[in-house]
Amino acid sequence: MSEVETNTVATPDDPFVADADLRPALFEWLCRMGDNALILGHRTSEWCGHGPVLEEDIALANTALDLIGHTQMWLGLAGEVEGEGRNADNLAYLRDAMKFKNVLLVELPKGDMAVTMMREFLFDAYHHLLLTWLAENSKSPRVAEIAAKALKEVSYHLDRASDIVVRLGDGTQESHRRMQAALDLLWPYTGELFAGDDVDAAIVEAGIAPDLGALHADWNGLVSEVLEEATLQMPEPGGYAHLGGKQGRHTEHLGFILAEMQFLQRAYPGASW
Amino acid sequence: MYAQLVKSEGLKPREEMSPEERAFQDRVDNGEKIEPKDWMPEGYRKTLIRQIGQHAHSEIVGQLPEGNWITRAPTLERKAILLAKVQDEAGHGLYLYSAAETLGVSRDELLDKLHSGNMKYSSIFNYPTLNWADIGAVGWLVDGAAIMNQVPLQRTSFGPYSRAMIRICKEESFHQRQGYAIMMKMAFGTPEQKDMAQDALNRFWYPSLMMFGPSDKDSVHSAQSMAWKIKINTNDELRQKFVNETVPQAEYLGLSIPDDKLAWNEEKQGYDFSEPDWSEFFEVIKGNGPCNRERMEARVKAWEDGEWFRDGLNAYAEKAAVRRKAASVAAE
Amino acid sequence: MSKKEWPLWEVFIRGQHGLNHRHVGSLHAPDAEMAINHARDVYTRRREGVSIWVVQSKDITASSPSEKGPLFDPAESKTYRHPTFFDIPEEVGKM
């Protein structure tokens, strides 16, 4: 692949980018950020042409487009930090599943609109809290810069998703039933968002990202408020959590996503597109 | 075009027109725009609903063959561009349905007619996209052919249709170029990529020529539509213009157009070319194209699966309105 | 077909340059709040606007075509409202 990153806005000096000790953890953490955006964007883009109404088809495509943009920024920076000449496309198209570090929540099939919007809401609530912290507090100027750009879009995603969750939860019996089913299905996958590991610990220690446990309380508050307005029953916090995505142990679904997404790059190595 | 074989009426001679019809025709002849509340002949209204509706259906069915490749696009940038383009098509469908709605038909009624097979969409979208170069070919040839028709339609006599076309043309300016940009990458890429590009051109050439519809030299339907300025050029004029513009573009790419008879005709200052197989065209229109069934199934499924979603949001809006009313009564 | 179609809304957008809100098109939405969101998604895909108004189509009162003469003809005679009405000598410069 010969395409180069086109993000050429003047970038602030960032001591972390060249910090050899931190490199493995920071690379890993940036891949998690980028892969979450990439895989959720991929799932969201599957709706294009198949949405329940034209206005919604268009709105979902906007969300997917935003997420692809975030992917380019996070994985672009990940490649830079790694320092081995890989760009965002190399990382997206030439890693195998076990090297992908997204949470399991984002790779689950898109399901119906209830699953899609509920997942977006649960993820956006986390994403918004995280990006807000990063934009305001991260000691890495590059991370803060990307977070600030993404935050503008994610604020709208969260508004829109919360609004739809409330409306469908408190809509017809059928829409309520579907939203509750979606919530029950997805809930066990939300624990992973807040389950820190050594990588997180190193990044928190460096002052780049917040302690995930601290975000969890805010997330619970925000989510329970919306779910209550939506007349939905929030499952018990602290129940069973499916883990592993952040460490590269995925559901079976991710392999199929990658088989589809990476097909051209794999079938025609070295070609330029 | 995106609206092929639209049934219109026979051309009415001036002496047979009622005074209203004559005044209406004078306004059209003077280049005035007809607006929804203005008086219009019933045939004008009906033909426009058919034409705009067919055009709108073509946009949303047209999302499918390209949408097909969004999850397989080879780079993040190509994925974003393709997604934005297919999204634009949904937008264009929306603008066109809105234009049709000013004529007293609802979007749901039009969709019902599409889903029940009572309204058509362009034959081109019943062809499959089989390799990545097809995404280039669709932008280059299919959007290129569509633009031939849409640019003059910005001057159409019906105000809402004209305004929708102006917006669509403005947004579409990047579509054909992105298609050609993909073709360049492919044609100048590896031998395998060039093969894909040639294969795409081979398969899309004649279906693209069919987009303009059969020759309408002697068609009375076209004559009336042209008098009403809801059709601006004849099918043959547009097809010729398309071939004239496209051949040099193919030459630049080093690709060959699959037509032995293709040759420059100095006298007419245009290319001579072979007609597409019109029996194939009529088969595709009848429902026997390679993808008719899949396209309709996908649209109907999206609509049916979305019903609970649309109804749920409606129900909430109604409840919320009642609550607001109760709250304002209580406040008094 | 769904039991009930979402109502139709007209969308008005004020662009970045401070001009008046301008009618840009229509869309369907179950209520005003969602119409605003849809308008953002549908009609500002290319950063066209900074402010959005929506109004249900059925709530718009339009002048009827038969009144077109009396309503608009008077303005036609007020050509002095247009800058080209006034001849300014060239030596005065650009005005």
Side-chain angles (χ1 to χ4, degrees), chain A residues 1 3 6 38 41-43 45-62 64-65 68-69 71-72 75-76 87-89 92-93 112-114 117 164 166-179 257 260-265 267-268 270-273, chain B residues 56 59-80 82-84 86-91 93-94 97 107 111 131-132 182 185-186 188-190 192-193 196 298-299 301-320:
Chain A
M1 242 175 303
E3 259 123 301
T6 46
L38 174 60
H42 183 98
R43 283 300 190 206
S45 78
E46 290 174 349
W47 280 101
C48 188
H50 305 275
V53 65
L54 274 177
E55 286 80 358
E56 201 58 41
D57 206 295
I58 293 168
L60 287 165
N62 276 340
L65 280 169
I68 296 170
T71 306
Q72 289 173 306
L75 292 186
N87 63 24
D89 278 342
Y93 290 90
D112 61 4
M113 279 295 285
M117 293 313 300
I164 289 187
V166 167
R167 287 163 182 269
L168 290 175
D170 190 15
T172 58
Q173 272 186 357
E174 174 67 1
S175 70
H176 178 86
R177 183 189 67 75
R178 285 176 184 259
M179 292 307 280
I257 291 181
E260 193 172 339
M261 186 172 89
Q262 299 180 338
F263 145 68
L264 282 169
Q265 291 280 356
Y268 303 98
S272 162
W273 305 92
Chain B
E59 296 282 354
I60 61 164
V61 177
Q63 287 185 273
L64 300 171
E66 289 179 278
N68 202 335
W69 279 89
I70 291 170
T71 52
R72 288 180 288 172
T75 68
L76 294 169
E77 188 180 66
R78 290 276 175 228
K79 189 199 284 280
L82 180 59
L83 181 54
V86 180
Q87 180 198 42
D88 275 350
E89 278 150 19
L94 191 153
Y97 284 123
R107 191 202 289 176
L111 288 174
N131 80 55
W132 172 251
I182 292 177
K185 276 277 182 199
M186 301 299 280
F188 303 142
T190 64
E192 289 99 329
Q193 284 177 305
M196 287 187 238
R299 285 311 316 165
K301 182 175 189 314
W303 188 245
E304 288 177 353
D305 287 354
E307 183 171 331
W308 72 269
F309 177 88
R310 298 188 301 273
D311 289 345
L313 294 179
N314 248 341
Y316 178 87
E318 280 162 19
K319 280 192 222 176

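Every chain is numbered from 1 and lettered A, B, ... according to where its sequence line falls, protein lines coming before strand lines.
At a 4.5 Å heavy-atom cutoff, Q262(A) makes no contact with chain B through either its backbone or its side chain. Residue contact with chain A, scored on non-hydrogen atoms closer than 4.5 Å, involves the backbone and the side chain of L313(B) alike. Proximity to chain B is limited to the side chain of D57(A), based on heavy atoms less than 4.5 angstrom apart. Proximity to chain A is limited to the side chain of I70(B), based on heavy atoms less than 4.5 angstrom apart. Both the backbone and the side chain of I58(A) have a heavy atom closer than 4.5 Å to some heavy atom of chain B. Contact of A64(A) with chain B is made through backbone and side chain together, with heavy-atom distances under 4.5 Å. At a 4.5 Å heavy-atom cutoff, the contact between Q87(B) and chain A is made by backbone and side-chain atoms alike.
When all heavy atoms are compared, the tightest approach of R78(B) to W273(A) is NE-O, 2.6 Å. Among all heavy-atom pairs drawn from R72(B) and E260(A), the shortest one is CG-O, 3.4 Å. Here the closest non-hydrogen pair linking K185(B) and S272(A) is NZ-OG, 2.9 Å. Taking each heavy atom of G171(A) and K319(B) in turn, the nearest pair found is O-NZ, 2.9 Å. Across all non-hydrogen atoms, the minimal contact from A271(A) to T190(B) is CB-CG2, 4.2 Å. Considering every non-hydrogen atom in both P52(A) and R310(B), the closest pair reads O-NH1, 2.7 Å.
T71(B) is listed as a side-chain neighbour of S45(A), based on a closest heavy-atom distance under 4.5 Å.
When each of E55(A), E174(A), E46(A) is scored by its heavy-atom pairs under 4.5 Å with chain B, the top score falls to E55(A). Heavy-atom pairs under 4.5 Å with chain A peak, among G67(B), A90(B), A73(B), at A90(B). Top candidate by heavy-atom pairs under 4.5 Å with chain B, chosen from C48(A), G169(A), G41(A), is C48(A). Among N62(A), V53(A), I257(A), L60(A), the residue making the largest number of heavy-atom pairs under 4.5 Å with chain B is N62(A). The candidate from H50(A), R178(A), M113(A) with the greatest count of non-hydrogen atom pairs under 4.5 Å with chain B is R178(A). Across E89(B), R107(B), E318(B), the residue that shares the most heavy-atom pairs under 4.5 angstrom with chain A is R107(B).
In terms of modelled atom types and a separation under 3.5 Å, the side chain of R167(A) and the main chain of A315(B) share no donor-acceptor contact. Using a distance-only test at 3.5 Å, with no hydrogens or angles considered, a donor-acceptor pair links the side chain of D89(A) to the main chain of L76(B).
For the atom pair L38(A) CG and K79(B) NZ, the distance stands at 6.5 Å (nearest 0.5 Å). Rounded to the nearest 0.5 Å, atoms CH2 (W308(B)) and CE (M179(A)) are 6.5 Å apart. Atom CD of E77(B) sits about 7.0 Å away from atom CD of Q72(A), to the nearest 0.5 Å. Between the CG atom of L54(A) and the CD atom of Q63(B) there is a distance of 7.0 Å, given to the nearest 0.5 Å. Atom-to-atom distance recorded for F309(B):CZ and M117(A):CE is 6.5 Å, nearest 0.5 angstrom.
Among L168(A), V166(A), T172(A), the one residue that satisfies the side-chain contact (heavy atoms from CB on, under 4.5 Å) test with Y316(B) is V166(A).
When the side chain to side chain donor-acceptor pair (under 3.5 Å) test is applied to Y97(B), the partners found at least two apart in sequence or on another chain are H57(B). For the side-chain contact (heavy atoms from CB on, under 4.5 Å) test, residues two or more places apart in sequence or in another chain that qualify with D305(B) are K301(B).
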